[in-house]
Every structure is written in C-alpha cells, then in structure tokens.
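Report on one structure; see the data block that follows.
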Amino acid sequence: MSIRTRFAPSPTGNVHIGNIRAAIYNWLFSRHEGGEFLLRIEDTDLERSTPAAVRTVLESLAWLGLDYDGEPLYQSTQREKHLEVAEQLLAKGAAYKEDKGGTGRGECVIFKMPGRDISFRDAVKGELSKKADDLKDFVIVRSDGSPVFHLGNVVDDITMGITHVIRGDDHVENTFKHLAMYEAIGAPPPVFAHLPMIVNAQGKPYSKRDGAAYVGEFREKGFLPEALFNSLALLGWSPGEDREVMTREEMVAAFTLDRVRSAPSQLDMTKLLWMNGEHLKRRGLDEIAAGCRAAMERKGQWRDDIAPAYFAAVVACMGERVKLFGDLGDQAGFFFDEDFPYDEKSVRKRLLKEGALDILREEQAVLEALEPFTTESTDAALHALAETTGRGMGELVHPLRVAVSGTGVGPGLFDMLAVMGKERVMRRIRRTLDAYGG
RNA sequence: GACCCCAUCGUCUAGAGGUCAGGACACCAGGUUUUCAUCCUGGUAACACGGGUUCGAUUCCCGUUGGGGUCGCCA
C-alpha cells in the first residue's frame with residue numbers, strides 16, 4: 001500500500017518554523033516513499049481561522065515548494081462526519097454523555113479509555129507506553145455540540161487514509177488517546193512519528209523573540225526558501241554522511257525517518273545565514289538581482305531611476321558579500337545615491353589623514369585623463385601613479401574608496417570604479433573635495 | 001507535583017562495545033588581497049555525573065542532575 005502523509009495546520013495567521021519543519025518532514029517522507037502528501041486545514045476555530053490566515057499557510061507552503069496532492073480538506077466541512085462517529089462510539093459504549101464537572105453547561109460526549117496500558121512504537125522515539133491509570137477519559141463533543149480536536153483529528157486522518165502521522169513532540173500524550181479511538185472506531189492506526197521541538201538558547205520553544213520564528217519573517221528578511229528548507233530539514237535529521245548543503249532532490253533521496261533524532265535542537269541563525277549564502281551562490285546573478293530588488297522595494301530603498309544594467313553590475317560587483325537579499329540595499333546603497341553619507345570614522349582615518357587629500361587630487365587628475373575607464377585601466381593608472389610618486393597602493397586606494405563610496409568597506413576599488421563609470425566617479429571626487437578639501 | 005521524553009565541541013551533527021571521537025557553522029592564528037567579504041592552511045573545543053555489565057564503555061542497564069513536553073468542553 002502506498003503511504004500517505006499530511007500536514008494539518010490550524011491557521012492562526014502565522015506559520016511557526018517548528019510546524020513547517022513537520023510539514024517538510026511529511027513532504028520529504030512521502031516524496032521519498034513515492035506516496036502522497038495531503039493538506040488539511042484545521043479551521044474549526046472560526047475566530048482565528050480567517051481567509052487571510054489560511055492564505056498565509058498556503059503561501060508558506062508554496063514558497064518552500066511543499067506541493068500537496070489533491071485539494072486541501074477543510075476540517076470545518078467534516079463536522080457531520082465527526083458527530084456521526086461520536087454517535088457510533090456512544091452506541092458501542094465506547095463513549096458516554098455527562099455534564100462533566102457538574103458545570104450545568106449541559107452534557108458533553110466523553111470518550112472512555114479502555115482501562116488498560118497502551119503502548120506503541122514511535123518511528124523516531126521508539127517504544128512508548130502509558131499506564132492505564134495515567135490515561136483519563138476525555139471530551140470529544142462539547143456540550144454545545146461541537147467536535148473537539150481529538151475527534152476531528154482522528155476521524156479526518158481515517159477518511160483521508162493517512163498512513164503516517166509525523167508531528168510535533170507536543171502530541172505524544174495525545175497519541176495514546178488517539179490510539180484508543182482508532183481501536184474503538186475499528187480503524188487501523190497509522191504509524192506515528194514525533195519530532196523534537198526547535199528550541200532557543202534557553203531550551204524553550206523557539207519564538208519570535210529569538211530572531212524570527214515564522215516562515216514569513218524569514219522570507220521578509222530575504223532568506224532563500226531552499227536555504228530555510230535545507231536548514232530546517234537538517235535540524236533533527238541528517239543524511240548520515242558529512243553532507244549539509246543539499247538540493248531538495250538530494251534530501252528526498254536520502255530522507256528516512258529512522259535517521260531523525262529524538263533530541264530537541266536549536267536553530268542557529270549564524271549557520272542559517274551561511275547556508276543562505278551557499279544557496280545564493282548556486283543561483284544565477286539575474287535571480288539574485290531580482291531578489292535584491294524585491295527586498296529593496298520592501299524596505300523603501302528602491303528608486304525608479306536605477307538603471308537595470310547598472311543595478312545588475314552592482315549586484316555582480318558585490319558578489320558574495322551579499323548573504324541575504326536585504327544586504328544589497330543595506331551595504332551598497334551608496335551606488336545608487338549621489339548624496340550618499342560619509343562614514344565619519346572612515347573619513348577621519350582615510351581622508352583627513354596627512355596628505356590624503358593631496359593624493360586624492362592627484363588621482364582626480366589621473367582619472368580625469370583616463371580613457372577607457374575600466375577595472376584594468378583604473379588599476380593600471382593608479383599603480384603607475386604609485387610608482388611615480390613612490391607611494392604604497394594603500395595610500396592611494398583608501399582615500400579614493402571613501403571619496404566615491406563614503407565608506408571604508410566594500411567591493412574591490414577598481415571594480416567599483418568601473419561599475420560606477422567615469423562621470424559618476426569624477427562627480428563624487430569633486431563632491432568629496434568640496435566637502436573636505438577646505 | 002504526576003506521567004512521559006531527552007542528554008557527543010558554544011551551535012547543528014556523525015559515530016561504534018576497542019576510533020587520534022569525524023564533519024559543518026562560529027571562533028582564533030597565518031597566507032592571499034587596496035578595505036570588507038571570499039578563498040587557502042592550521043588551531044582551540046565535546047561524549048553531563050555516579051554506579052554497574054564487560055577483558056574493555058562515550059556506546060548497554062540503573063540511578064542522579066539538568067532540560068523539555070503533557071496534564072482544557074484549545075488545537
């Protein structure tokens with residue numbers, strides 16, 4: 001029989017990385033096994049389950065490339081079936097009605113636990129068991145007639161033909177209840193696999209306070225979906241070789257549940273950033289440019305007078321300095337702004353140093369006469385100047401860098417000059433001289 | 001508190017009854033370079049503790065400690 005997994009989020013407006021990691025594992029497992037991956041929207045909490053919240057779930061899945069088979073099943077449409085099963089359980093004597101706690105709220109339907117120990121073999125945690133005394137009866141239909149999570153969850157998994165339930169650690173206790181329900185209903189239970197949580201440095205569940213906890217936040221920060229996917233997949237699972245940077249296909253080929261660890265793990269932002277850089281290298285310059293532009297637009301850094309060719313050249317020039325799409329706008333803004341700010345420290349250290357402005361004037365003269373104006377020609381011209389004046393390249397490079405970019409860090413100077421072009425460079429030198437040349 | 005789960009470098013992890021306990025990120029040092037980033041080379045760094053079992057345990061068992069999860073007419 002072909003395997004079938006599902007992702008069953010309750011739309012709350014955000015998709016937590018722990019949840020999406022569960023989705024990734026379900027997806028990886030089903031694709032590896034050649035089975036199906038289904039989506040169920042647990043939208044019975046009408047308060048929170050707005051269309052916008054559902055859209056967030058769908059967008060997160062799409063962004064990460066987690067394609068699901070068939071149409072999503074909306075749990076709210078299954079209410080009648082849930083209640084029907086509750087009636088059957090009542091008829092079988094596997095459930096009973098009671099005004100629980102005598103609250104006067106009316107009778108609810110309570111599932112009766114079988115009164116014996118329950119155990120099962122978790123695909124990642126191994127043998128798990130629970131004493132009968134620790135298993136209490138629980139409500140499956142509220143006194144207002146609405147089905148409770150446990151009922152809907154189990155019934156839906158049965159109707160969807162789910163063979164493997166891969167979910168968060170926080171569901172292990174529920175599993176004993178669910179197993180009892182499968183038996184009472186007379187349906188074969190699926191294989192259960194419980195994933196450890198993603199925690200922060202304090203060992204607590206990872207939250208927005210720890211950096212970013214929702215898929216949307218990583219997207220906004222400019223992370224690549226394949227990098228987030230890769231990193232999350234590796235949090236708790238490893239292919240068993242010293243392989244880390246992998247494509248989706250490679251992970252599908254290597255993924256097995258028995259290689260999933262049962263200990264919680266921390267998400268390391270620094271390593272995620274590195275991972276992002278690795279995947280960025282594997283994308284084309286065009287894609288990187290598009291991503292950078294989108295990030296700049298989001299942050300209000302984009303300006304319509306930026307020529308596409310110039311923008312592309314800047315992206316190429318920045319190269320691996322861009323680890324995140326957002327980096328370009330943050331680190332290379334001076335390329336696009338003629339009124340770029342001067343970094344005070346760099347000015348003091350490189351421009352106001354003894355003789356630095358005189359050198360800049362010499363460079364101004366040399367560059368003014370230079371034709372053509374390329375990486376090679378500017379490089380050669382300044383080396384020649386260094387030679388004739390007996391100065392070190394550092395003395396020439398630093399003031400000029402600050403003069404054209406306002407900062408002491410950035411791409412190679414000559415690449416920068418060539419990308420900016422003669423006219424822009426000369427204008428910037430004049431501006432600098434006007435500002436600091438006295 | 002009760003029940004359940006977990007425990008290898010700072011972090012993510014590999015690993016086997018006998019290994020120099022491997023890799024990656026980060027970090028440090030050196031090299032390349034006009035800065036930064038990259039790149040190359042090298043380095044620091046771990047089996048939580050205590051008992052067993054065993055010729056031999058980091059690995060198997062028990063306990064301790066520490067951490068986490070669950071104890072709703074939420075999902």
Side-chain angles (χ1 to χ4, degrees), chain A residues 8-12 42-45 47-49 75 98-101 103 105-110 122 124-126 128-131 133-136 138-150 152-153 168-177 194 196-199 201-205 231 234-245 259 261-275 277-278 281 318-323 327 331 346 349-350 379 382-383 386 392-402 405 407-416:
Chain A
S10 57
T12 59
E42 304 211 331
D43 60 346
T44 50
D45 183 344
E47 290 289 307
R48 286 186 295 181
S49 301
Q75 187 162 60
E98 184 183 294
D99 178 0
K100 198 182 176 206
T103 57
R105 267 193 280 179
E107 292 191 320
C108 54
V109 180
I110 298 173
D122 188 282
V124 342
K125 299 175 100 69
L128 257 26
S129 65
K130 202 87 174 168
K131 294 269 189 301
D133 287 348
D134 297 319
L135 265 9
K136 293 186 297 192
F138 57 96
V139 175
I140 53 175
V141 179
R142 299 186 188 86
S143 48
D144 67 2
S146 62
V148 167
F149 163 75
H150 302 294
N153 196 266
D169 227 352
D170 48 335
H171 282 293
V172 287
E173 306 291 328
N174 291 334
T175 305
F176 297 100
K177 298 177 178 177
H194 289 95
M197 320 216 85
I198 296 177
V199 301
Q202 287 71 45
K204 305 286 185 192
S231 293
L234 251 24
L235 264 198
W237 170 77
S238 80
E241 307 151 37
D242 292 329
R243 273 202 302 166
E244 297 203 294
V245 182
R259 294 205 56 87
R261 275 171 64 86
S262 54
S265 47
Q266 275 179 239
L267 177 65
D268 183 353
M269 272 296 188
T270 311
K271 189 159 184 177
L272 212 206
L273 221 45
W274 164 79
M275 181 68 84
E278 290 300 307
K281 283 183 200 169
M318 286 294 285
E320 292 181 11
R321 267 160 274 254
V322 174
K323 290 251 189 293
D327 288 348
Q331 296 170 15
S346 301
K349 186 173 173 193
R350 305 299 194 189
D379 190 334
L382 288 205
H383 270 91
M393 277 306 283
E395 292 179 84
L396 305 199
V397 165
H398 297 306
L400 185 52
R401 169 187 295 287
V402 177
S405 72
T407 171
V409 302
L413 176 65
F414 306 117
D415 289 328
M416 230 158 58

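All chains are named by letter (A, B, ...) in the order of the sequence lines, taking the proteins before the strands, and each is independently numbered beginning at 1. Treat the numbers as computed from the prediction; the structure is a model and nothing was measured.
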Problem set entry | Chi angles and distances behind the side-chain contact (heavy atoms from CB on, under 4.5 Å) call for R321(A), D327(A) | CA-CA 8 Å; R321(A) 267 160 274 254; D327(A) 288 348; over 6 Å; no
If the [atom1] atom of [N] is compared with that of [M], how far apart are they to the nearest Å?
N: A45(B); M: C9(B); atom1: P; result: 14 Å
N: G15(B); M: U32(B); atom1: P; result: 40 Å
N: C60(B); M: A16(B); atom1: P; result: 10 Å
N: C49(B); M: U8(B); atom1: P; result: 11 Å

For this session: State whether the side chain of R259(A) and the backbone N or O of S238(A) hold a donor-acceptor pair below 3.5 Å, judged by distance alone.
Result: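 Yes.
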Exercise. According to a strict under-4.0 Å criterion, is S265(A) in side-chain N/O contact with OP1 or OP2 of U13(B)?
Worked result: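 Checking U13(B) against S265(A), a side-chain N or O does come within under 4.0 Å of OP1 or OP2.
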Whole Å only: how far is the [atom1] atom of [X] from the [atom2] atom of [N]?
X: K100(A); N: C71(B); atom1: NZ; atom2: P; result: 12 Å
X: K271(A); N: C27(B); atom1: NZ; atom2: P; result: 13 Å
X: D242(A); N: G15(B); atom1: CG; atom2: P; result: 10 Å
X: L267(A); N: A26(B); atom1: CG; atom2: P; result: 15 Å

For [X], answer base if it contacts any base atom (sugar-phosphate contacts may also be present), sugar-phosphate if it contacts only those atoms, and nothing otherwise; contact means non-hydrogen atoms under 4.0 Å.
X: E42(A); result: sugar-phosphate
X: G106(A); result: base
X: N153(A); result: nothing
X: M318(A); result: nothing
X: D327(A); result: nothing
X: H194(A); result: nothing

Problem set entry | Nucleic acid footprint by protein, nucleotides 33-43 of chain B - heavy-atom cut-off 4.0 Å, B for base, S for sugar-phosphate alone | -BBBBSS----
For this session: Could I get the full list of ring pair (Phe, Tyr, Trp, His ring centres under 6.0 Å) partners for H171(A), not counting sequence neighbours?
Result: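 In terms of ring pair (Phe, Tyr, Trp, His ring centres under 6.0 Å), with neighbours along the sequence ignored, H171(A) is linked to F149(A).
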Partner set under side chain to side chain contact (heavy atoms under 4.5 Å, CB included) for [X], not counting sequence neighbours:
X: D134(A); answer: K130(A), K131(A)
X: R243(A); answer: P239(A), E241(A), M246(A), E250(A), A254(A)
X: T175(A); answer: F120(A), R167(A), L179(A), F192(A), H194(A)

Find every protein N or O atom lying less than 3.5 Å from an N or O atom of nucleotides 2-10 of chain B, and list the pairs.
{"from": "C3(B)", "atom 1": "O2'", "to": "K130(A)", "atom 2": "NZ", "distance (Å)": "2.6"}
{"from": "C5(B)", "atom 1": "O2'", "to": "K125(A)", "atom 2": "NZ", "distance (Å)": "3.2"}

Problem set entry | Counterpart base for U54(B), defined by Watson-Crick or G-U wobble contacts under 3.5 Å |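 Paired with U54(B), as far as the under-3.5 Å criterion goes, is no nucleotide at all.
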For this session: I would like to know whether K349(A) and V402(A) meet side-chain contact (heavy atoms from CB on, under 4.5 Å); could you show each step before the answer?
Result: CA-CA 10 Å; K349(A) 186 173 173 193; V402(A) 177; over 6 Å; no
